[in-house]
Amino acid sequence: MAHNNDLPCDGDGRCMTCKINPPEEEKITCKTCVTPWHLDCLSSRPQTLADAAQWECPDCSSLVCSNAPPSAVASGSEQADSLVAAIRAIESDASLSDQEKARRRQQLLSGSGNDDDADGGGKLSDEKKEVAGGGGGGNDVLKLLSGSFNCSFCMQLPERPVTTPCGHNFCLKCFEKWVGQGKRTCAICRTAIPHKMASQPRINASLVIAIRMAKMTRSNAASGPLKPYYSVLNQNKPDKAYTTERAKKTGKANACSGKIFVTVPPDHFGPIPAENDPERGMGVLVGENWEDRLECRQWGAHLPHVAGICGQSDYGAQSVALSGGYEDDEDHGEWFLYTGSGGRDLSGNKRTNKTQSFDQKFDKSNEALRVSCKMGYPVRVVRSHKEKRSAYAPEKGVRYDGVYRIEKCWRKPGIQGYKVCRYLFVRCDNDPAPWTSDENGDRPRPLPTIKELKEASDVTERKGPPSWDYNEEKACWLWKVPPPESRKQADRRDVGDGTQTRIVRRKTQMMSVSERLLKEFCCLICHKVMNLPLTTPCAHNFCKSCLQDTFAGQTFIKERNCEGRRTLRAQKNIMKCPSCSNDISEYLQNPQVNRELMSVIESLQSQTKEMEENAVLEEEMLNEDEKNDVIQEDKNEKSETEVKDVCSEANEDVKETDENQVIAKPSPKANKKRKAVGGTENAPNKKLHEETNVMMDGDINGSENQTIKSSNVNPGLAGSEDLKVASA
DNA sequence: ACAGCTGTTCGT
DNA sequence: ACGAACAGCTGT
């Protein structure tokens, strides 16, 4: 805080001294920190216009006077002086854009500017590469968004965007102000604003996420490691779980999982590190909270969304959930006794059943846990709020509590009389548990005495040294033996020729801001990037065709004619938003495409396409030598065909990239390739082709899609016949 | 409190 | 490819 009592305007433009929102002409902006202040509330005001232009706020001028430096900004007066000098240097640098100036100012003030180089980590350098690579960098995307989504009132990217039924985007604040002035028409197109929209405008969450993402990619480099604000992040989760059409019940009980945000293979052991968290670049941290099991799954902490154990009997168990499902469980925080699964009758359509009807055995996931015990693997543990008997369970949702080792396992008669598998879990994480105020993680601790071991049978203890163990020198837990190699990743790769793998890996590396943004602009019905996006008054986004198809054949008014009697008053037909069940029938009478959104999507698409085409071309060039090597070294039929396929793909790509360019290869190659796709002679070929199709988003593919779409809309018309012919 | 739904993975 | 198992979830 400044040394005097003056206070600036807050983020909403409201003066923090008098609490009113002064009109622009009563505000003055600091030339150093660009913060607005309320003129009337200032203890010393500038005397002339020229003074006003060069005015410096009390906070910044106090830095220069350095009587009592604001603690939050700098710790010593010399530092404060140099800070102001640095800010001035930025301001006077004519080569910088306003945006870049703002970014650098923020960087300085956030205090991370000094250790910028040391702190950035892998994520930062990736970001930089992305920008340098051109075509999809964060700044470009931010510019793109600023160009399209800037609120027409304040000319800023809306912090809380709302979309009118006529398809125009504004800040919530500006929109409310407009409506508050009694205006009932859109400021851009003068279309009437429906009453409900005026009284209860809804935030367009997709836009929020998109704008935030673009901002984050800009400020990531500046603000260093992100602070984990999970609740906020999760609240506006982009890729949420969704219910299929087949699901008769709504809600997450029968939902499909949303996208998995981490890049570890499904059979990954141990903590999830920052390098496998492209979304946030911080890995899955101890204490992280998720709303439910599906969200927990999306962050890779525990993949099965019903089962308590994640594991494979011949490989080991990666994670367990403590959800209060088995009454024999005993939780002491740093260690707990866990019960295996099974022993219950789940016939019919039951997913759970509390009563046991037979003994548990060391098979399936119970055996997987035993493998992890024998090998000394780290097992991730999540606790659910449903575990009511444990003091260590979270209040809400599911929480990641770090890794544990299974020190012993055995069988004993459970509370219900049948034998259960038992496991002693002891915590061995480098981070402190969520329930301790301890700053350090675990140290090896003596095993607790377990009374029930007296009546135990089939006791298994680890014989050899544990794979995951404490290193005294480094004072942390680490892999003493290399972790088991993932088998799932190996499945995805095509053994022999590494070409496909590399394309895939490069693609993930290049998962640019624009690509991630495109994912945010998915239709809530078809889950594809929106085509002719519509935003409902309830702020949900759909393709125009998807939304209209949903209500195809329905009329807006129900006639209620009863024969022989008088005609009843026509009734409005309720049409529920597919996402939130609000009545959107009024909106559907004249839905307007969100053109700003559409142009952003189109720009992003062309950007992404360009990048991918470049990537394929680069790939082709890089692989030129290796291809020859592969053909020479490996006469394997499969890898040869694959190489050929890559060749023809790349050639076709060239054709699409530049139509003027004369292609030496004749068209039969492309035809041959298409034939290969139609037939099922070679599965890997097909796989590769699909991959590339997605990347190209070419004309052929596009028209095919349309055929399928139209056949969906009009079954029995030419489209479906086409399909039949194609499959015959 | 409970019936009843169905997505994902494991193992055959 | 298929069925069984699974410590969830929601509406009544």
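Just so it is clear, the values below take in all heavy atoms, side chains as well, and ignore hydrogens, waters and symmetry mates.
A cation-pi arrangement, defined by a distance under 6.0 Å to the six-membered ring centre and an angle within 45 degrees of its axis, is present between A:Arg344 and A:Tyr326.
Counting to the nearest Å, the P atom of C:dG8 and the NZ atom of A:Lys396 are 19 Å from each other. The separation between A:Asp292 atom CG and C:dA7 atom P is 17 Å, rounded to whole Å. A:Lys350 has its NZ atom 12 Å from the P atom of B:dC5, to the nearest Å. Following rounding to the nearest Å, A:His302 (NE2) and C:dA7 (P) show an atom-to-atom distance of 9 Å. Atom-to-atom, NZ of A:Lys364 to P of C:dA5 comes out at 6 Å; the value is rounded to the nearest Å. Protein atom CD of A:Glu295 is 16 Å distant from nucleotide atom P of C:dG8, rounded to whole Å. Counting to the nearest Å, the C1' atom of B:dG7 and the CG atom of A:Leu303 are 13 Å from each other. The nearest whole Å value for the distance from the CZ atom in A:Phe358 to the C1' atom in C:dA5 is 10 Å.
Contact between the side-chain N/O atoms of A:Ser341 and the OP1/OP2 oxygens of C:dA5 is not found at any separation under 4.0 Å. Close to B:dT8, at under 4.0 Å from its OP1 or OP2, lies no side-chain N or O of A:Arg293.
Within a 6.0 Å sphere centred on CD of A:Glu586, heavy atoms belonging to other residues, nucleotides or ligands number 12 at most. No more than 12 heavy atoms of other residues, nucleotides or ligands shown are found within 6.0 angstrom of NZ on A:Lys361. By the neighbour-count criterion of 12 heavy atoms within 6.0 Å, atom CD of A:Glu395 is sparsely surrounded, having that number or fewer from other residues, nucleotides or ligands. Within a 6.0 Å radius of NZ in A:Lys396, other residues, nucleotides and ligands contribute 12 heavy atoms or fewer.
Annotation: of the two residues near DNA chain B, A:Ser365 and A:Leu294, the 5′-most nearest-nucleotide partner is A:Leu294. Place A:Gly311 and A:Asn254 on DNA chain B by their nearest nucleotides, and A:Asn254 ends up nearer the 5' end. Toward the 5' end of DNA chain C, the nearer of the two residues A:Gly343 and A:His385, judged by each one's closest nucleotide, is A:Gly343.
Comparing B:dT8, B:dG11, C:dA7 against the side chain of A:Thr339 picks out C:dA7 as the nearest. Side chain of A:Arg351, nearest nucleotide from B:dG11, B:dG7, B:dT6: B:dT6. With distances taken from any side-chain atom of A:Ser313 to the nucleotides C:dG8, B:dG11, B:dG7, the minimum falls on B:dG11.
Between A:Val379 and A:Val403, the closest side-chain pair of non-hydrogen atoms is not below 4.5 Å.
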Open item on the list: As a check on the pairing definition, encode DNA chain B in dot-bracket form, counting Watson-Crick and G-U wobble pairs whose two distances are under 3.5 Å, and using | for partners outside this strand.
Closed with: |||||.||||||
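Less than 6.0 angstrom separates the ring centroid of A:Phe336 from the ring centroid of A:Tyr404.
Counting non-hydrogen atoms under 4.0 angstrom, A:Tyr338 reaches a base of the nucleic acid. Residue-level contact check: A:Leu322 touches the bases, meaning some heavy atom is under 4.0 Å from a base atom. Using a 4.0 Å heavy-atom distance criterion, A:Ser384 is classed as making no nucleic acid contact.
Between atom CD of residue A:Glu334 and atom OG1 of residue A:Thr436 there is a gap of 6.5 Å, rounded to the nearest 0.5 Å.
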